[in-house]
Amino acid sequence: MPRRWRFPFVRRLALRDSEFKRRPDPTGSTGWGALRLPTFRLFVFGSLLSNVGNQMRTTTVSWEVYERTGSAFSLGLIGLVMAAPVLLLALPAGVLADRFSRRVILLIAMSGLAICGGGLAIASATAAPLWCTYLLLMLTGTFRALGWPAMSAYVTQLVPPVMFANAATWRSIAFQAAAAVGPLLGGVLIAATESPPLVYAIDVVTSVVFIACLFIIKPQIQKKSRGVRSWHSLLEGVAFVRNQPIILSTITLDMVAVLFGGATALLPMYAKDVLHVDATGYGWMRAMPSLGAIVVGLWLARKSSIRRTGLTLFLSVAAFGMATIVFGASQSFALSLGALFVLGAADSVSVIIRSTLLQVLTPDELRGRVASVNAIFVNTSNEIGEFESGVAAGIFGPIIAVCGGGVMTLVTVVVVALKWPMLERLGPLDEIEPVQPPEATSVQEPGESEAAAASSPESR
C-alpha cells in the first residue's frame, strides 16, 4: 500500500501552508467558513470537549465548596486563587507564546490541567482539607495562565485573516456550547451520583482528548519574535495596547463589565438560598448564559458582518448590565433563567467583537503578548469579579451585590462612550484594517543592517 494512502484522515488534518493557499474559500468569512478547514475543525472539536470537562469541574468545585462551608466568601475565594497566577504569569506567558512553539506550550498547559483535575478527584474522594482544593485550583490557574496567550494566538495559524471573525464566532459558539453542556452534565451527575470525583475524572479524560488532537494538527508556520529577552520585550504587548485606542477601549469595557457583573459566582447561593432549587436546577442556571450565547453566535455566523461594530458593542454591554440587575432582583426561577439567557447572549456579542479586533489589529509577532494583556485585563476580571461578588454578598447580601454590579456595568458603558467616542463610530467588522507593528517591535538579528531589516518582508 502506498505510504501516501495509509492514513488519509490524518493526512487531511495536517494541512500545511501550500495546501492551505491552494484551497481558498470564497465564502470563508460567513456561514460554516473556518469550519471547512480540517485543522480548525479538529481544534474546535478538541477544545470543545476540553471545555466541557472544564465547565463540569468548575460547576462541581463551586457546589462542593458551598456544600462544605455555606460561605459566600469561600465561593469568592475560588475566583481569587484562580486569578492570582494569571496576574503574575500572563505577561511572561505572552512572551513565550511569541518566542516558542505555541503548540508545544499548549501541550504543556493541557497536560498540567489534566494533572490538576486528577488531584481534585483524589482530594475530593479522600475529603482532604479545603486548602488542598484551593492549592490545586491555584495550580490550575497557573497552567491556564501559561496556555491562554498561546491558545488565542494559535488560532491565527489555523485560518487565514479573512476568516478571523468567522473563526472567533465559531470558537465562541463552541465555548458556549461547552459552557451549557458542562454545567448541565455536572449538575445531573452530582444530583444522581453525589460523586464529585467522577466529574473531575471526566475532566481529565477530556483534557487528554484535546492533547491528542493537538498532536495531530499541523499548523501554519509561526512567525516568531526574535527580540532580546528583556523587560522591554515583556512590555511590548502593553505598549501596543496602550497606543491602540480601539483595542484599549474594548478591553476596558469588557473588563469592568465582567468585574462588577459577576453574578455567576453566586449561583450556588442563589440556587440553594434564594430560588430553592437542587443541583439539577443549579446546572440549568449555569447553562443558561451559554445557551443564550449559542443562539446569538449561530445567528451572527450567518450574517455577512456586524455593520455598526462600536454601537453594537455598547448596546450588548448595556444589555448585559440590565440582565444582571433583573437576575439579581428576581425571586422566580423562570425569570432568573430568562435573565441569565439574555446575559449570555449579550456577552457573546461583546466577546466576538473583542476577539476579532484583537486578531485583526495585532501583528502576528505580537499576538502572544497582546493576548496576555487581554488575559490580565479581561480573563482575570472574571475571577476577581467572582471574589468581589463573594465579598459583597457576604457584607450586603446576594441581591444587593448582584444588582449593584449591574448598575456599575451601565455606568461603565457611559464612561467608556465619553472617554473613547471613536469606538461608537467603528464601522463594519469585516472592513477594519490591520495595524502596522510599531518600530519597537521590528526585530533585527545581530549584524543586520537597517536597510536589510527595512526591506525584509518579515519586518513589515
So do [Y] and [X] actually touch side chain to side chain, heavy atoms under 4.5 Å?
{"X": "Leu49", "Y": "Phe210", "answer": "no"}
{"X": "Met288", "Y": "Phe327", "answer": "no"}
{"X": "Phe320", "Y": "Val342", "answer": "no"}
{"X": "Arg102", "Y": "Met151", "answer": "no"}
{"X": "Gln331", "Y": "Ile399", "answer": "yes"}

For Phe40, check ring pair (Phe, Tyr, Trp, His ring centres under 6.0 Å) against everything at least two apart and list the hits. none
Whether over 12 other heavy atoms sit under 6.0 Å from Phe333 CZ: yes
Taking the side chain from [X] and the backbone from [Y], do they hold a donor-acceptor pair closer than 3.5 Å?
{"X": "Ser50", "Y": "Gly46", "value": "no"}
{"X": "Ser124", "Y": "Leu120", "value": "no"}
{"X": "Arg103", "Y": "Ala150", "value": "no"}
{"X": "Tyr270", "Y": "Tyr282", "value": "no"}

Can you spot which of Thr140, Thr206, Asp203 makes a side chain to side chain donor-acceptor pair (under 3.5 Å) with Arg57? Asp203
When rounded to the nearest 0.5 Å, the distance separating CD1 of Ile211 from CG of Leu113 is 8.5 Å
For residues 75-91, tabulate all N or O donor-acceptor pairs below 3.5 Å that involve a side-chain atom, not counting sequence neighbours.
none

Heavy-atom pair of closest approach, residues Ala109 and Phe143: CB-O, 3.5 Å
